[in-house]
Q: 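Structure provided below as structure tokens; questions to follow.
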Protein chains: 2
Amino acid sequence: MAQAGEGRRNGRVTIREVADDAGVSVAAVSKVLRDAYGVSDALRAKVRASMDRLGYRPLASARGMRGQTYTLGLVLPDLRNPFFADIMTGVNNALERTQYQVMMGISASTAKLETGVVDSMIDRQMDGIILIGSTESRESLNTIAEKKPLVTIGHHDPSAEAFDTVNNNDQQGALLAVRHLVAAGYSKIAMLSLQGEPSSILAEREQGYRHGMVEAGLGGAINIASATQVMRDVQFAAKRLLQGPRRPDAIFCWTDFIALEVISVATELGLRVPEDVGIVGYDNTMFCDFAQNSLTSIDQSGELLGLQAARLVIERINGRTAVEHFVVPPRLVARRSTSR
Amino acid sequence: MAQAGEGRRNGRVTIREVADDAGVSVAAVSKVLRDAYGVSDALRAKVRASMDRLGYRPLASARGMRGQTYTLGLVLPDLRNPFFADIMTGVNNALERTQYQVMMGISASTAKLETGVVDSMIDRQMDGIILIGSTESRESLNTIAEKKPLVTIGHHDPSAEAFDTVNNNDQQGALLAVRHLVAAGYSKIAMLSLQGEPSSILAEREQGYRHGMVEAGLGGAINIASATQVMRDVQFAAKRLLQGPRRPDAIFCWTDFIALEVISVATELGLRVPEDVGIVGYDNTMFCDFAQNSLTSIDQSGELLGLQAARLVIERINGRTAVEHFVVPPRLVARRSTSR
DNA sequence: TCAAAAACGTAGAACGGTATACGTAGAACA
DNA sequence: TGTTCTACGTATACCGTTCTACGTTTTTGA
């Protein structure tokens with residue numbers, strides 16, 4: 001076991017070899033590497049040339065021992081939801097011209113796994129952490145923030161001090177959805193929410209939904225069902241709603257791919273979308289636009305969220321301590337699934 | 001900048017503190033950590049207790065300097081394709097009871113970015129690398145394999161010696177698709193393939209498609225179009241096919257989400273699926289099952305592929321050098337999109 | 001009963017960078 | 001002309017582990 005590892009390590013160029021090649025000290029090379037103070041242009045050029053010639057790449061582990069690893073950790077709840085692809089695009093754009101690299105981990109939407117992933121990112125000396133759709137408590141997040149610069153996406157905590165948050169206005173997004181449905185003539189509007197560890201964005205969306213219903217004088221029709229992200233569970237919940245005594249004429253779903261599944265269930269039950277039941281999703285992912293779905297959805301500009309999160313975490317790495325809470329307004333994109 | 005980093009590092013428990021707490025040497029603690037030879041049960045228990053009491057976690061960077069980091073790198077081409085979620089499930093299952101952790105990177109399906117991601121994983125001392133849907137050349141892969149244990153998923157190279165491969169039989173998968181379409185009464189069967197850097201799995205699928213067409217006496221109708229993964233591009237290619245002079249009555253698409261897009265385009269053009277045009281996808285991702293899609297697809301057991309890849313890379317880390325090529329047979333799942 | 005072997009534990013040199021403390025030369029200032 | 005800065009380089013301790021080499025105790029075998 002050690003054998004294979006040892007054999008492979010050979011051939012790796014070290015900072016010492018670069019220093020020898022350039023005829024300077026190790027410290028000088030390190031300075032060039034870090035863009036540190038006290039290097040002349042001539043020396044910099046000489047060192048750069050040697051690095052290129054030898055194909056030198058600094059070892060992140062070694063750097064991590066005393067300085068930075070130039071690695072950002074990004075935790076996703078789930079790989080099936082294409083919304084996260086949009087966020088990643090934004091993150092990558094923000095990092096394009098920096099020397100930072102992102103490594104992703106999956107929390108599978110459970111606090112236990114999420115903690116494990118985050119801990120292992122801290123163990124791996126990530127310089128900063130971006131947490132998407134976290135279900136952790138304020139204290140847990142503060143604990144993480146004590147150790148590493150932290151930014152959350154999709155976690156509402158406007159009074160948080162130790163970490164930054166990036167969000168769309170989920171309450172308003174839900175409100176837009178309800179208003180749109182009401183305007184389209186629906187009145188028995190239900191919401192399908194997420195079951196499991198309580199998440200602040202779901203709380204916000206539920207709040208917005210309630211608000212919208214009351215505003216439209218439909219407070220009596222408020223009806224929030226919930227299901228985990230497991231297929232079978234969603235199908236069951238959707239059937240319950242659509243076959244129950246208080247059958248809704250519209251369902252606002254907390255995320256697109258759940259909405260697509262609800263469309264599927266409705267279709268199988270012989271219900272027509274949008275005539276018999278209107279459906280609204282959230283995130284406006286690429287699948288909404290497919291003709292067979294044509295799903296009305298709330299756009300929360302995932303790419304922008306990712307971009308901002310990356311910007312904020314790098315600012316924190318560079319020393320900012322004042323908290324920042326970034327909120328983008330959501331936008332409703334109407335499609336056929338609600339055009340009654 | 002250093003300030004923030006320094007302030008945060010404080011409080012981290014080191015192996016020395018554990019050793020002091022347990023009243024043993026640092027080396028002894030390290031041995032316990034690595035399950036190395038020469039520790040009595042009593043010592044092990046004592047050390048474990050101290051580790052728990054102090055909340056000790058070994059620092060990956062420091063471990064990486066001499067030994068392993070217990071981190072596996074996994075490179076995905078794309079975050080939008082839900083197929084990769086299946087693979088990840090398998091990988092995670094395989095790693096459940098080990099101390100390995102996976103970190104993911106995205107190659108965006110370009111060799112340049114892929115090289116960058118892989119290099120940065122090597123810099124970060126990942127113990128092994130799993131590459132999904134790689135478009136790199138044999139030499140590049142060999143170069144990587146020289147440095148780290150490497151396993152590819154979705155890359156055919158049965159004569160590779162330096163790294164393991166895990167695949168489904170793509171040629172057979174395509175063959176199944178064509179045979180199924182022929183049996184359902186389609187004859188002008190086109191294939192929509194992937195444009196860009198040549199990929200061996202696409203080559204295999206095209207080969208299988210050709211083979212199937214010839215076998216059915218339809219050699220003259222062979223028609224392979226291609227498009228990148230960009231939405232607009234796919235739509236354009238689909239329209240070209242469906243509005244062209246040799247309009248096919250069925251299209252075999254290289255992956256599900258492309259097929260869903262083709263269904264969308266066909267629908268918008270007023271064509272009925274499956275009556276006017278039959279559609280087959282590949283990967284049998286969760287979206288195929290939705291009633292509005294009901295997409296016939298080829299299942300390649302993503303979860304199994306992920307599981308095997310993780311197993312193989314760990315075996316290599318543990319010293320195996322003999323090459324292994326794992327191939328799983330694909331399975332056609334018929335749905336409404338081809339039931340003429 | 002004694003030598004040899006096995007089991008257990010320790011000391012301390014790596015690993016490849018970073019960053020502090022310091023030396024030296026030339027420029028600027030009085 | 002000396003003094004004080006500033007710019008540029010260097011030497012080297014240090015980060016938290018691993019792992020080899022070695023010493024000591026216990027067990028085994030004849």
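Below, chain A is the first sequence line, B the second, and so on; all start at residue 1.
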Q: Looking only at the side chains, is there a donor atom on one of Arg124(A) and Thr71(A) sitting less than 3.5 Å from an acceptor on the other?
A: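 Their side chains do not contain a donor-acceptor pair, so the 3.5 Å distance test is not met.
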Q: Could you tell me whether Ser30(B) contacts a base, only the sugar-phosphate backbone, or nothing, with contacts defined as non-hydrogen atoms closer than 4.0 Å?
A: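 The residue Ser30(B) makes base contact.
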Q: Using OP1 and OP2 only, check whether a side-chain N or O of Ser61(B) sits under 4.0 Å from dT17(D).
A: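 Result: no.
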Q: From the list dC8(D), dG16(D), dG16(C), which nucleotide is the closest neighbour of the side chain of Thr14(A)?
A: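 Looking only at side-chain atoms, Thr14(A) lies closest to dG16(C).
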Q: Round to the nearest Å and state the distance from Met51(A) atom CE to dG16(C) atom P.
A: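 For the pair Met51(A) CE and dG16(C) P, the rounded distance is 17 Å.
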Q: In this structure, how many angstroms lie between the P atom of dG16(C) and the CZ atom of Arg57(A), rounded?
A: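 From Arg57(A) CZ to dG16(C) P: 16 Å.
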Q: What are the two closest heavy atoms between Phe83(A) and Gly302(A), and how far apart are they?
A: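 Where Phe83(A) meets Gly302(A) most closely, the heavy atoms are CE1-CA, 3.6 Å.
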Q: In terms of side-chain heavy atoms of Ile15(A), which of dT10(D), dG17(C), dG16(D) is nearest?
A: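 Looking only at heavy atoms from C-beta outward on Ile15(A), the closest nucleotide is dG17(C).
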Q: From the set dC19(D), dT10(D), dT10(C), return the single nucleotide nearest to any side-chain atom of Arg34(B).
A: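 The nucleotide sitting nearest to the side chain is dC19(D).
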Q: For Val29(B) and Val26(A), find the nucleotide of DNA chain D closest to each by heavy atoms; which residue's nucleotide sits nearer the 5' end?
A: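 Checking each residue's closest nucleotide, the 5'-ward one belongs to Val26(A).
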Q: Check the distance between dC15(D)'s P and Arg124(A)'s CZ and give it to me in whole angstrom.
A: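 For the pair Arg124(A) CZ and dC15(D) P, the rounded distance is 22 Å.
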Q: Do Thr165(A) and His155(A) meet the criterion of a side-chain donor-acceptor pair at a distance under 3.5 Å?
A: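 No pair is found: no donor N or O on one side chain lies under 3.5 Å from an acceptor on the other.
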Q: Does the side chain of Tyr37(B) get closer than 4.0 angstrom to OP1 or OP2 of dC8(C) through an N or O atom?
A: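 Negative; the distance criterion is not met.
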Q: Write down the distance between CE (Met65(A)) and P (dT12(D)), rounded to a whole number of angstrom.
A: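 Going from Met65(A) (CE) to dT12(D) (P), I get 21 Å.
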Q: What I want to check is whether an N or O donor and acceptor connect the side chain of Arg12(B) with the base of dG16(D) at under 3.5 Å.
A: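 It does not, because no donor-acceptor pair links the side chain of Arg12(B) to the base of dG16(D) below 3.5 Å.
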Q: Please determine whether a side-chain nitrogen or oxygen atom of Arg16(B) lies at a distance below 4.0 Å from atom OP1 or OP2 of dG16(D).
A: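 No.
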Q: For Val39(A), report the nucleic acid contact type (base, sugar-phosphate, nothing); a contact means any heavy atom under 4.0 Å.
A: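 Here Val39(A) touches the backbone only, sparing every base.
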Q: Using 4.0 Å as the upper bound for N to carboxylate O, is an ion pair formed by Lys147(A) and Asp123(A)?
A: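 Judged by the 4.0 Å cut-off on N to carboxylate O distance, Asp123(A) and Lys147(A) do not form a salt bridge.
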Q: Between dC8(C), dA11(D), dA11(C), spot the one nearest the side chain of Ala27(B), thanks.
A: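 My answer, after comparing the listed nucleotides, is dA11(C).
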Q: With a 4.0 Å limit, can you tell me whether Arg66(A) has a side-chain N or O closer than that to the phosphate oxygens OP1/OP2 of dA19(C)?
A: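 Result: no.
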Q: Could you tell me whether the phosphate oxygens of dG17(C), OP1 or OP2, come under 4.0 Å of any side-chain nitrogen or oxygen in Tyr56(A)?
A: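 Yes.
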Q: Leu59(A) has an atom CG; how far is it from atom C1' of dG16(D), in whole Å?
A: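 So the CG-C1' distance, Leu59(A) to dG16(D), works out to 14 Å.
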